[in-house]
Amino acid sequence: MPELPEVETVRKGLESLIVGKTIKSVVHDNERSFPNDPAIVSQFAINSDVSLVKRRAKVLLIELSTEYTLMTHLKMTGQLVFVADATKQAQNLKHEIRNKSKKEIDADFEFRASNLEFAESDSIRFGAGHPNHSLVGNLPDKSTRVTIIFEDDSKLFFNDQRKFGWMKLLPTALVAQEPFMVKLGPEPLELEFTDQVFISRVRRRANTSIKAAILDQTVLAGVGNIYADESLWGAKIHPATLVRNLSDKQLSVLRREIIYVLRLSIEKGGSTDRNYVNAEGKRGSYIDFARVFRQENKPCPRCQTIIIKTRVAGRGTHICLICQKHKNK
DNA sequence: CACTTGACCTGTCCGC
DNA sequence: TGCGGACAGGTCAAGT
């Protein structure tokens with residue numbers, strides 16, 4: 001779910017919240033989410049400063065003063081949430097919860113409160129200098145996979161319900177050489193993403209659906225299911241249309257629509273469909289502006305036809321059958 | 001190489 | 001109310 005706009009929103013938030021902070025300790029709950037050698041973590045993360053927060057495609061890059069980078073992929077349910085004062089916020093949240101009726105408390109709210117309580121519990125017992133500071137901790141919260149604790153006791157939580165995401169520490173110079181990074185297509189919001197570049201890359205997938213093609217991160221970087229549906233509706237293209245049946249003109253329009261929806265979503269702080277939140281734990285509002293995504297059984301904003309949900313490229317897909325005619329031969 | 005499908009996980013929702 | 005199964009959808013590995 002975190003796609004380019006969501007990851008970019010987290011990046012911007014982290015940039016203003018953690019740059020310059022010194023890492024005191026790191027705690028994690030399983031090897032899959034944090035596949036790093038404790039000795040490397042100890043040597044290159046502990047006592048280092050955060051120098052930059054970058055993004056490439058859907059990958060977040062937290063660069064450290066040691067020339068190492070914490071590379072993070074949120075995949076489906078990952079969150080990176082910064083908390084400056086966990087004790088105070090936990091008290092505030094508990095106070096708010098007491099003053100709300102059961103109905104008013106949404107799941108996210110309770111989730112954050114339990115995370116904050118955990119943060120102040122004695123389960124964080126591996127401080128800097130402790131030989132086990134980067135080993136598996138005994139974390140009571142179910143979805144907190146990694147906790148980065150800074151010198152001022154502020155914390156960065158990497159939460160990930162489904163454990164698809166990961167955070168790994170590697171030399172900054174080797175980030176671009178990671179197999180996934182090498183194969184990535186162009187950044188859609190950079191100047192390099194011209195009509196010519198987009199069309200030639202998309203046409204390498206001539207015999208697949210246009211939706212599968214734009215979801216392919218080697219064609220272009222950063223589009224996922226939400227913005228694929230949104231941009232295809234904008235370009236009036238049926239997602240199942242084979243690439244070979246699309247004209248250059250149509251692909252040019254699609255490129256423009258991709259840029260449009262990504263920019264609009266960044267402006268709205270991303271889409272909170274299920275559990276995406278930004279670096280401050282807040283939801284994004286793009287979903288309020290979505291034209292087709294999650295709008296099944298509602299009227300198309302262009303022609304009022306009821307939007308349907310079907311399956312294309314193995315994904316849930318939202319279409320207006322009148323605006324998006326299917327022309328495969 | 002091009003393309004499709006299933007696996008990786010866990011929480012939620014829906015029908016019985 | 002409990003319970004099984006479908007579903008969510010980013011990427012990789014294995015299949016055709």
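Just so it is clear: chains get the letters A, B, ... in the order the sequence lines come, proteins before strands, and each one is counted from 1.
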Undergrad: Please state the P separation for the pair B/dT5 and C/dC7 - nearest whole angstrom.
TA: 15 Å

Undergrad: Is there a donor N/O on one and an acceptor N/O on the other, under 3.5 Å, for the side chain of A/R162 and the base of C/dA8?
TA: yes

Undergrad: Heavy atoms only, 4.0 Å cut-off, all strands: where does A/K309 land among base, sugar-phosphate and nothing?
TA: sugar-phosphate

Undergrad: OP1 or OP2 of C/dG10 versus the side-chain N and O atoms of A/Q217: is any pair under 4.0 Å?
TA: no

Undergrad: Base, sugar-phosphate, or nothing for A/G314, non-hydrogen atoms under 4.0 angstrom?
TA: nothing

Undergrad: Tell me what A/A212 touches on the nucleic acid: a base, only sugar-phosphate, or nothing, going by heavy atoms under 4.0 Å.
TA: nothing

Undergrad: State, without any angle test, whether A/T9 and A/N278 hold a side-chain donor-acceptor pair at a distance under 3.5 Å.
TA: no

Undergrad: Distance check, P atoms only: B/dC3 and C/dG9, in whole angstrom units.
TA: 23 Å

Undergrad: Can you tell me the distance, in whole Å, between the CZ atom of A/R315 and the P atom of B/dT4?
TA: 12 Å

Undergrad: Could you tell me how the ring of A/F34 sits relative to the ring of A/H28: parallel (under 30°), tilted (30 to 60°) or perpendicular (over 60°)?
TA: tilted

Undergrad: Rounded to the Å, how far apart are A/E296 CD and C/dA8 P?
TA: 9 Å

Undergrad: When you check the phosphate oxygens OP1 and OP2 of B/dA2, does a side-chain N or O of A/R204 lie under 4.0 Å from one of them?
TA: no

Undergrad: Stems in DNA chain B: runs of 3 or more consecutive Watson-Crick or G-U pairs, distances under 3.5 Å?
TA: B:2-8 with C:10-16, B:10-16 with C:2-8

Undergrad: If the test is side chain to side chain contact (heavy atoms under 4.5 Å, CB included), which one of A/T317, A/V261, A/I237 qualifies with A/L232?
TA: A/I237

Undergrad: Identify each donor-acceptor pair in which a side-chain atom of residues 217-229 of chain A lies under 3.5 Å from a protein atom, sequence neighbours left out, and give them as a table.
TA:
| from | atom 1 | to | atom 2 | distance (Å) |
| --- | --- | --- | --- | --- |
| A/Q217 | OE1 | A/G222 | N | 2.9 |
| A/Q217 | NE2 | A/L215 | O | 3.0 |
| A/Q217 | NE2 | A/V223 | O | 2.9 |
| A/T218 | OG1 | A/D216 | OD1 | 2.8 |
| A/T218 | OG1 | A/D216 | OD2 | 3.4 |
| A/N225 | OD1 | A/K211 | NZ | 2.7 |
| A/N225 | ND2 | A/G316 | O | 3.0 |
| A/Y227 | OH | A/E6 | OE2 | 2.5 |
| A/Y227 | OH | A/S265 | OG | 2.6 |
| A/Y227 | OH | A/S271 | OG | 2.6 |
| A/D229 | OD1 | A/K211 | NZ | 2.7 |
| A/D229 | OD2 | A/H318 | N | 2.8 |
| A/D229 | OD2 | A/H318 | ND1 | 2.8 |

Undergrad: From C-beta outward on A/F180, which listed nucleotide comes closest to its side chain: B/dC3, C/dA8, C/dC12?
TA: C/dC12

Undergrad: According to a cutoff of under 5.5 Å between the ring centres and under 30° between the ring planes, does A/F164 stack with the base of B/dC8?
TA: yes

Undergrad: Hey, are A/E267 and A/R263 close enough for a salt bridge, meaning a charged N less than 4.0 Å from a carboxylate O?
TA: no

